Amino acid sequence: SRARDTFHCRARGCSISFASHMGSVDRHAPGIRECSLPPGRRNLHPSRPYLPISRHTAIHSNLVFARTYRPEVTDRQLFETVRAWSAQYAFPVPPRPRPRHPDADRRLKVGYLSSDLRSHPVGRNLIGLIEHHDRQVIDIHGYAAGSASDGMAQRFRAAFGSRWREVALLDDTTIAKTIAADGIDILVVVAGHTEGNRLGVAGHRPATLQASLHDLTSTGLEVMDYWFTDADHHPPGSTELFTETLVRLPSFYLHAPLS
């Protein structure tokens, strides 16, 4: 049983569209890896435009996403794909930031990095958590990697208040520096290997602890400490491989009503 099996029914349209566009994922995989490499690490054709590093990581991340929908891909093969994604960009393992001085009166700073803080299946599962955090003990910060301005996005903006930051136009390094400057204790990276998200930010380890939430598979990053899941996604005896320590919640999905 794999976490990705649970996600499939929630993104059928996306998988069908991707499959029809890509044809055979495995047939195109070498090309995806090649064109996702930064300039200087691949054989560039003169007509190929330069892409920022965050775009390169996103292209290769698409391959990870697509392979979660291939039933013939084994747990071992999928894990090797995410580890190759991490290795290809040579993410170093920076030292863990020192915990801030303990203070009984200080609120814990928790940051959420996501492009899905909007009307989206992930956003609808996340909004209840964000709106109901105990503000007496948790100081939440939102790093919006998307540019949506729909009603759900406005709810997120209101919930984060002055701690809302729009980072869609910033590169991964700048976002990481921003998170570090904000003194975030725990960074929650939402749906890392999906469209528009910025998993590369976590490679810089800007927070003392880092956790993955709503991803389809392991991030493959050694600097990702935890992966929030539950007993349905990862039952006892699960054969899925991951770099993170699993944190099984009583119930994972908290989807907001569609009306």
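In this text the structure is predicted, and so the values were computed from the model without any measurement. If you read the sequence from its start, that first residue is 1, and numbering goes on from there.
The aromatic rings of F160 and W164 are tilted relative to each other, their planes meeting at an angle between 30° and 60°. Aromatic ring orientation, Y253 versus H233: tilted (interplanar angle from 30° to 60°).
Each of R106, K109, H133, R163 was checked for a side chain to side chain donor-acceptor pair (under 3.5 Å) with D139, and the lone residue meeting it is R163. The side-chain contact (heavy atoms from CB on, under 4.5 Å) test with L113 singles out one residue from R165, Q210, R198, H141, and that residue is R198.
Side-chain contact between W227 and T245 is absent, with no heavy-atom pair separated by less than 4.5 Å. T243 has its side chain within reach of F79: a pair of non-hydrogen atoms, C-beta onward, lies under 4.5 Å apart. Within the 4.5 Å cutoff, side-chain heavy atoms of L117 are placed close to those of L126. Side-chain atoms of N197 and S114, non-hydrogen and from C-beta on, do get closer than 4.5 Å to each other. Side-chain contact between E222 and R83 is present, with at least one heavy-atom pair separated by less than 4.5 Å. Using a 4.5 Å heavy-atom threshold, the side chains of S212 and V189 count as separate. Using a 4.5 Å heavy-atom cutoff, the side chains of L216 and T194 are in contact. Side-chain contact between R124 and S119: present, with at least one pair of heavy atoms (C-beta onward) separated by less than 4.5 Å.
Here the straight-line distance linking atom CG of D116 with atom CD1 of I127 works out to 12.5 Å at 0.5 Å rounding. Expressed to the nearest 0.5 Å, how far CD1 of I140 lies from CZ of R107 amounts to 9.5 Å. Within the model, atoms CG of D150 and CZ of F156 stand 9.5 Å from one another, a figure rounded to the nearest 0.5 Å. Atoms NE2 and CG, from H204 and L187 in turn, are 12.0 Å apart once rounded to the nearest 0.5 Å. Taking CG of L78 as the start and CZ of R67 as the end, the distance is 8.5 Å to the nearest 0.5 Å. Separating the CG atom in L169 from the CD1 atom in I175 is a distance of 9.5 Å, to the nearest 0.5 Å.
Within a 6.0 Å radius of CZ in R135, more than 12 heavy atoms belonging to other residues, nucleotides or ligands are found.
Without hydrogens or angle criteria, D171 side chain to T173 main chain gives a donor-acceptor distance under 3.5 Å. The backbone N or O of T74 sits less than 3.5 Å from a side-chain atom of Q77, completing a donor-acceptor pair. Without hydrogens or angle criteria, T174 side chain to L170 main chain gives no donor-acceptor distance under 3.5 Å. In this structure, the side chain of D182 does not engage the main chain of I184 through any donor-acceptor pair within 3.5 Å. Looking at S238, its side chain never comes within 3.5 Å of a backbone N or O of P235 through a donor-acceptor pair. Looking at R205, its side chain never comes within 3.5 Å of a backbone N or O of A202 through a donor-acceptor pair.
Checking T229 against R248 by side-chain atom types alone, no donor-acceptor pair falls below 3.5 Å. Side-chain contact, T208 with D185: no donor N or O sits under 3.5 Å from an acceptor N or O. Remark: the D75 side chain and the T239 side chain contain an N/O donor-acceptor pair separated by less than 3.5 Å. Side-chain polar atoms of E244 and T219 form a donor-acceptor pair below 3.5 angstrom.
Taken together through direct or relayed side-chain contacts under 4.5 Å among Ile, Leu, Val, Met, Phe, Trp and Tyr, Y112 and V137 form part of one hydrophobic cluster.
The shortest non-hydrogen separation linking A153 to A148 is CB-O, 3.6 Å. Scanning both residues, A145 and A168, for their nearest heavy atoms gives O-CB, 3.4 Å. The two residues I138 and V110 come nearest to each other via the heavy atoms CG2-CG2, 4.0 Å.
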>> Between R157 and E166, is the salt bridge (charged side-chain N to carboxylate O under 4.0 Å, His left out) condition met? List the steps.
In response: CA-CA 10 Å; R157 181 189 291 269; E166 296 185 359; 2.5 Å; yes

>> The test is side-chain contact (heavy atoms from CB on, under 4.5 Å); show your working for H193 and L199 and say whether it passes.
In response: CA-CA 7 Å; H193 282 299; L199 191 54; 3.4 Å; yes

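Ring-centre distance between H234 and F242: below the 6.0 Å cut-off.
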